[in-house]
2 protein chains.
Amino acid sequence: MAASTASHLSPPRFYVRPRSPHPPLRRSRFSPVRAAKLEAVLSIGTHLIPHPRKAASGGEDAFFANSDAGGVFAIADGVSGWAEKNVNPALFSRELMRNSSNFLNDEEVNGDPQILLMKAQAATSSIGSATVIIAVLEKTGTLKIASVGDCGLKVIRKGQVMFSISPQEHYFDCPYQISSEAVGQTYQDALVCSVNLMDGDMIVSGSDGLFDNIFDQEIISIISESSGVDEAAKALAELARKHSVDVTFDSPYSMEARSKQDQLAHWCTNFITVGGKMDDITVVVAQVKTVAIPEDEGGDVEELKGNEQGIAVAVASAEQNEE
Amino acid sequence: MAASTASHLSPPRFYVRPRSPHPPLRRSRFSPVRAAKLEAVLSIGTHLIPHPRKAASGGEDAFFANSDAGGVFAIADGVSGWAEKNVNPALFSRELMRNSSNFLNDEEVNGDPQILLMKAQAATSSIGSATVIIAVLEKTGTLKIASVGDCGLKVIRKGQVMFSISPQEHYFDCPYQISSEAVGQTYQDALVCSVNLMDGDMIVSGSDGLFDNIFDQEIISIISESSGVDEAAKALAELARKHSVDVTFDSPYSMEARSKQDQLAHWCTNFITVGGKMDDITVVVAQVKTVAIPEDEGGDVEELKGNEQGIAVAVASAEQNEE
């Protein structure tokens, strides 16, 4: 009886043209960027809003974005606990991003984000630790990712999240972290993955200050309503900021905290179970575009379609756009 | 004030040795399989339980698993709506898996799951459609994945889901599907991604009948408690089956249905908002192992460490292990 009822109520999974006024987009709108004579590039927008009480110092997040070789971006979130040891948590994350930018064209790195992370960490001299994500787009359209901790990255295609990476943590709210100390993680602990992108795909990446305070459906809505990557990055950061200071907002962070009360109990009895989570908020929004290569040339770009802004952003932290 | 309160309650994100009796596992327990002289292989277990009312016909899921070239597995879920057109939905999914197995060593395929899918679909003659996932492990430890629709795949490392793929759907419960008809998707619509695996990583893949009826924490528990991949696959399938016929179980499927009532309204007013979802349930569990290659040889396997079962499973559907 139960089975019959459940089955009767099950909707058809068979694909017929929908009666909805919003039919699903067809694949013909998106050409795989692997097609001959096309190369993939990223149009990148960024926005960083520091934790309200860290505005004067610029916060502890850092990032860089660069249009070289298709497009590269990285985010590091300095672990704030170092302040208890009288260490400025921003120093390590900023140095890690500076090093990542410096080693970008290193021969040994050769477009591999995990090797880039290895070299960037090895070159740090600051004390501290940070979560970090590095993403490199190959000309073929493959986005290569190395991530340690809980910086996030999602790919939105045809109005849905079609790829996202999972955070790594020791226990709730204690993420894996690249560290100056032996107790931390290294590039070898990174989640290393890749995803083949298509023309028009949107990438949304950020520190946990973004993803702790905003839901996927909000991200999709903002992406669909924004006219460009800069506008989208700013709108995402501002909505996350708004939620982060709203003690009544049932945020992704507070929902997860409630679901992990058993993990929390041993070190904190006053955990957040409702409200946003105040934090530094870094957002990178990148759109995949294809550029046409002349058939009789070796690789020079003939035409740049819709790449509304060539990005060559240096290492940055919060000084650029604090509210 | 709100900000201050929230901040005060925020737990430290700084990693110190935990006071928990269950300290986080250290990376030294896992060697990257990219190390010289080591090659990655999969130990694979499978289990399929058909929909209770389709037991006699074996259901509409099909799969194959093969130990060639490290390890390959694939799952296809025949779309049941074809029965309304007097077409047996199992024919297409079974043919797709048979073709995938046949083309596995095709030179053009060369270990690329998306090309394998292209050739397998092109060779079908049956009418129908199916969701499908194909995963191929390279000797370097990179798992290459092509997926169309809502078959799932998760990688579990150190007791947490560290990678998972997102389902693609036109609207709720209407997944992307490889089809004999022009209205369906092709290999070009596939989510194509890869993830670098480590020795000991566990892969859990399945048709939506698994992931609609079981939560991540249940998967992690079963994986940690099982003595091998066969036992884990069977236990996962049986728990999903138990939940699928439990009209009181608040399943992932019913929770998602509630969250997407706006999408459901236009074609069904009696959608499931509580209970499991009866379906064919296919489970593949694979463990990553490393094999040592002699330093002075070109690639012959010298030693197989802990690969408790060499798998060379042909195309299979449900006849093998119906309850």
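Side-chain atoms are counted along with the backbone in the values below, which use heavy atoms only and exclude waters and symmetry mates. A, B, ... follow the sequence lines: proteins, then strands. Residue 1 opens every chain.
Shortest non-hydrogen contact noted between A:D189 and B:M198 is CA-CE, 4.4 Å. Nearest heavy-atom pair, B:R157 versus A:A190, reported as atom, atom and distance to 0.1 Å: NH1-O, 4.0 Å. The heavy-atom pair separating A:Q168 from B:Q160 by the smallest distance is CA-OE1, 3.6 Å.
With contacts defined as side-chain heavy-atom distances shorter than 4.5 Å, the pair A:Y176/B:K158 qualifies. Considering only heavy atoms from C-beta on, A:T142 stays 4.5 Å or farther from B:V192 through its side chain. Counting heavy atoms from C-beta on, the side chains of A:C193 and B:C193 never come closer than 4.5 Å.
Proximity to chain A is absent for every atom of B:P89, based on heavy atoms less than 4.5 angstrom apart.
Among the candidates B:V161, B:I165, B:I145, the residue making the largest number of heavy-atom pairs closer than 4.5 Å to chain A is B:V161.
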